[in-house]
2 protein chains.
Amino acid sequence: MSDLTKPAVPFSALGRRAKAPTIARLMNAALENPALLSLAAGFTDSATLPLPAVTAAAQRLAVRGDRESLQYGPNQGRPRLRAMMAGHLQRREPALDAGLLSRQLFITNGSQQALYLAMQVLCEPGDIVLVDRPSYFVFLEMLTGMGVEAVSVPVDHDGRVDAAALADRLTALKQAGQSHRIKALYFVSYFSNPSSRSLTVTEKQTLARVLKEQDLIVPVIEDAAYRDLFFASPPEAPSILSLEEWGGFPRLYLSTLTKSFATGLKIGYGCCTDDAWLAAMLHTKGHHDFGSANHLQALLEEVLAGGSLEEQLQIIRPVYARKMQTLHETLVGAGLQKTGWRWTAPAGGLYLWLEAPALLDTGLESGFCRRCIAEGVLYVPGELCFGDDVPRNFVRLSYGVLAERELAEAGRRFVRVAQAAGN
Amino acid sequence: MSDLTKPAVPFSALGRRAKAPTIARLMNAALENPALLSLAAGFTDSATLPLPAVTAAAQRLAVRGDRESLQYGPNQGRPRLRAMMAGHLQRREPALDAGLLSRQLFITNGSQQALYLAMQVLCEPGDIVLVDRPSYFVFLEMLTGMGVEAVSVPVDHDGRVDAAALADRLTALKQAGQSHRIKALYFVSYFSNPSSRSLTVTEKQTLARVLKEQDLIVPVIEDAAYRDLFFASPPEAPSILSLEEWGGFPRLYLSTLTKSFATGLKIGYGCCTDDAWLAAMLHTKGHHDFGSANHLQALLEEVLAGGSLEEQLQIIRPVYARKMQTLHETLVGAGLQKTGWRWTAPAGGLYLWLEAPALLDTGLESGFCRRCIAEGVLYVPGELCFGDDVPRNFVRLSYGVLAERELAEAGRRFVRVAQAAGN
């Protein structure tokens, strides 16, 4: 049957705005071209992926004949897994009430789905979401897809929240009669994607204080996807769930077992302090899929009960620390700083965040980007990571997936292009 | 940290419309109250859930050290699984081109997500979707959540598509200047949820003909979730993918491995003939989750490669046939027909669809429904399954999950309430 006539499909506004997510394009480029060394996709280390732990979990389900793990489960997620994730969080922040947390917690298809649900029930096209600077580019693309405007929280020269500039920006929005469009604040708080920075306690307190001073008690979303991926010691700042300054705000804390355990299991979670917001997200999830795969949740319960998450974290932390060091030292050794590039070696996470000389365009369509691909190395253009006032001279390099030898080779290729561009 | 102030969350229109999906409430009622015998939730048979096959698949991944199954996969789904599902479909409809199908095919979190994506990219609040009568109630609730109006395809006394009445209805919409609001046609074509009827070839041809006569070349969605669940022989009608009459329409064919293999794996798929429509859905899926869990897809590849899907179907078909017969005969034996109820024993699927006497209200809020719960039996009120012109005297009974003895007991409880209501 061939389509002899091709009538145009009558898209919704969302359908018309739908553009290929960059993450999908970059992931496909990496999946389809094994010769290219990809410092772009946020894949995790392959050699340490916990196949034995997952196999053992599957075996335990088999041994006790747990057929129920192959049946539908509840929309909000399995109660035992929710309690386990609440316990995991409570161990990081002892002041929290694990019982309350597990009632506020819901299981999603990666933390990405929780983000999507949060935005769907809050935002209309034309609304504003305040975002960190830089911010998670898949989230920024999602906002674009929803017709929502991202407005950055201003930062100082060191990338720290600039309270005075934020107050000025919010005042300007108020004076322009635009405050009502602000529907939420979003930030990645620990070893951020892309900057690998963690917000300090003071920065988090400052954000709450400035919003309160502006009478903007809007929903706040803390994305803690990388919280467990520290190299030496856990990040010090508590989350918005236990910081007193955030007490009056509707809060959604997000995290995931993908980055810290296995991306292929695609299980994340949200923890929401506001009953009505939580209910609206769950109802919408009921329409998306009425519950994330019960089998994956049952597997992860076994993984957590057997202590395999902590074991896996013990395994991968030094691996990522070494990989970061390898890429960092390759860039330093090959002389990237001498051509005017700047960056800080991070204390956790999966990314190096590089600032190129101010006039060097590293964007998706730039000659620099094309030359990197020709040289056999892929990166994420930093321009994707800004909600507004977009600089073109940043680059995100992921060291998660490549082996150390490949990281070194990819780093050298990158520096060759940078040096050629600097001459 | 207590929330001393409770500011209202500023919901979007979708957030304000979000209501607890009935499916979630019914599933929770079943999960939370083991004493109640549930003929409501569309769970599958628990005793035959394929734990050995899934365990064997996990073992095969382990033996060959397939760590990549725990890594992120592509947004559209794993190419091998897509090719396998295309092959599965092509074996049912030999005229189809499996290569083309696998390019048009995308993997989702159950077929539910494919439905959601399809509606998101097509419909705005205020639009119309044409639906079968009765129709899948979770789909109808999704439409309500999106602010979309469901308009039923009229059927005759036997529940068959009524071409003349459909033409009249579409003409009336055109004369009222409302045709432009019609964005899609949706129907469950094989052993429908809830009616267990399959559309005949003639009905499918008629639908296409009437739409064409009305110049309504709108996207059409065929939901084939229950296609493999026949008792004795496969349903005869080909899908919209190979029926010539549908050639000129943008088409989306949906199916799933949940009902036919394991609901707990939550993997479904769509196959879309229109490139732009497919692209818009995939881009939106990139924002939802950028790919369904890679591990589940890898497991299912092993399941399919090992022939376990066909084995499982051979196991469950007679089980469902027997279960249907048990419930059917219990209702007959206890005298339900004598109190004026009518139904037809189905040839596949998971449901009995009962018509009560015209004046008996079986709705969610009815005394009949409350008495059934008091008697210890749960059902899906048929009123949920109609897009418009809603009758109150239908009931959906699922025979999928309960054991035969429980089905008999639940059936007797149900008939007791029906007989009391009839006196």
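Just so it is clear: chains get the letters A, B, ... in the order the sequence lines come, proteins before strands, and each one is counted from 1.
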Looking at side-chain heavy atoms only, is the closest gap between A/Tyr116 and B/Asp289 below 4.5 Å? no

Output the option from A/Gln113, A/Arg16, A/Met281 having the highest count of non-hydrogen pairs under 4.5 Å with chain B. A/Gln113

Between B/Lys183 and A/Phe11, is NZ or CZ placed under 6.0 angstrom from the six-membered ring centre and within 45° of the ring axis? no

Heavy-atom cut-off 4.5 Å, strictly under: side chain, backbone, both or neither for A/Leu299 against chain B? side chain

Side chains of A/Ser46 and B/Gln71 in contact at under 4.5 Å (non-hydrogen atoms): yes

Which region of B/Ala279, side chain (C-beta onward) or backbone (N, CA, C, O), has a non-hydrogen atom less than 4.5 Å from a non-hydrogen atom of chain A, or is it both or neither? neither

Just by distance, do the side chain of B/Lys266 and the backbone of A/His295 share a donor-acceptor pair under 3.5 Å? no

Any side-chain heavy atom of B/Phe290 within less than 4.5 Å of one from A/Asn109? no

Heavy atoms only, distances under 4.5 angstrom: which of B/His180, B/Gln76, B/Gln112, B/Met142 has the most pairs with chain A? Name it, please. B/Gln112

Roughly how far apart are A/His283 NE2 and B/Arg17 CZ, rounded to 0.5 Å? 14.5 Å

Of the listed residues (B/Ala262, B/Pro10, B/Pro219), which shares the most heavy-atom pairs with chain A below a 4.5 Å separation? B/Pro10

Acceptor/donor pairs from residues 51-62 of chain A side chains to any protein atom, 3.5 angstrom cut, sequence neighbours excluded:
| unit_1 | atom_1 | unit_2 | atom_2 | d |
| --- | --- | --- | --- | --- |
| A/Thr55 | OG1 | A/Leu51 | O | 2.7 |
| A/Arg60 | NE | A/Glu302 | OE1 | 3.2 |
| A/Arg60 | NH2 | A/Glu302 | O | 2.9 |

Would you please name every residue forming a salt bridge (charged side-chain N to carboxylate O under 4.0 Å, His left out) with A/Glu93, sequence neighbours left out? A/Arg227

Of all of A/Ala276, A/Ala114, A/Ala184, A/Gly145, which one pairs up most often with chain B through heavy atoms under 4.5 Å apart? A/Ala276

Where do B/Ala280 and A/Ala18 come nearest, in terms of heavy atoms and distance? O-CB, 3.8 Å

In short, B/Leu296 meets A/Ala293 closest at the heavy-atom pair CD1-CB, 3.5 Å

Value for OG1 (A/Thr44) from CZ (B/Arg67), rounded to nearest 0.5 Å, stands at 12.0 Å

Considering only heavy atoms, which portion of B/Thr258 lies under 4.5 Å from any heavy atom of chain A: side chain, backbone, both, or neither? side chain

Among the listed options B/Gly110, B/Ser292, B/Gly291, B/Ala298, the residue most often paired with chain A at heavy-atom distances under 4.5 Å: B/Gly291

Can you find a heavy atom in the side chain of B/Val9 that is under 4.5 Å from one in the side chain of A/Pro250? yes

Minimum side-chain heavy-atom gap A/Asn294-B/Thr263 below 4.5 Å: no

What pair of heavy atoms forms the shortest contact from B/Cys123 to A/Ser12, and how long is it? O-CB, 3.5 Å

Please round to the nearest 0.5 Å and tell me the distance separating atom NE2 of A/His287 and atom CE of B/Met119. 13.5 Å

Structural part of A/Ala47 lying under 4.5 Å from a heavy atom of chain B: backbone

Under a 3.5 Å distance rule, please check whether A/Gln120 uses its side chain to pair with a backbone N or O of B/Leu14 as donor and acceptor. no

Residue B/Val218 versus chain A: region with a heavy atom under 4.5 Å: neither

Please verify the inter-ring angle class for B/His288 with A/His288; under 30° counts as parallel, over 60° as perpendicular, anything in between as tilted. parallel

Can you confirm whether A/Pro50 sits close enough to B/Leu70 that some side-chain heavy atom of one is under 4.5 Å from a side-chain heavy atom of the other? yes

Quick check on A/Thr108 against chain B: is it the side chain, the backbone, both or neither that has a heavy atom closer than 4.5 Å? neither

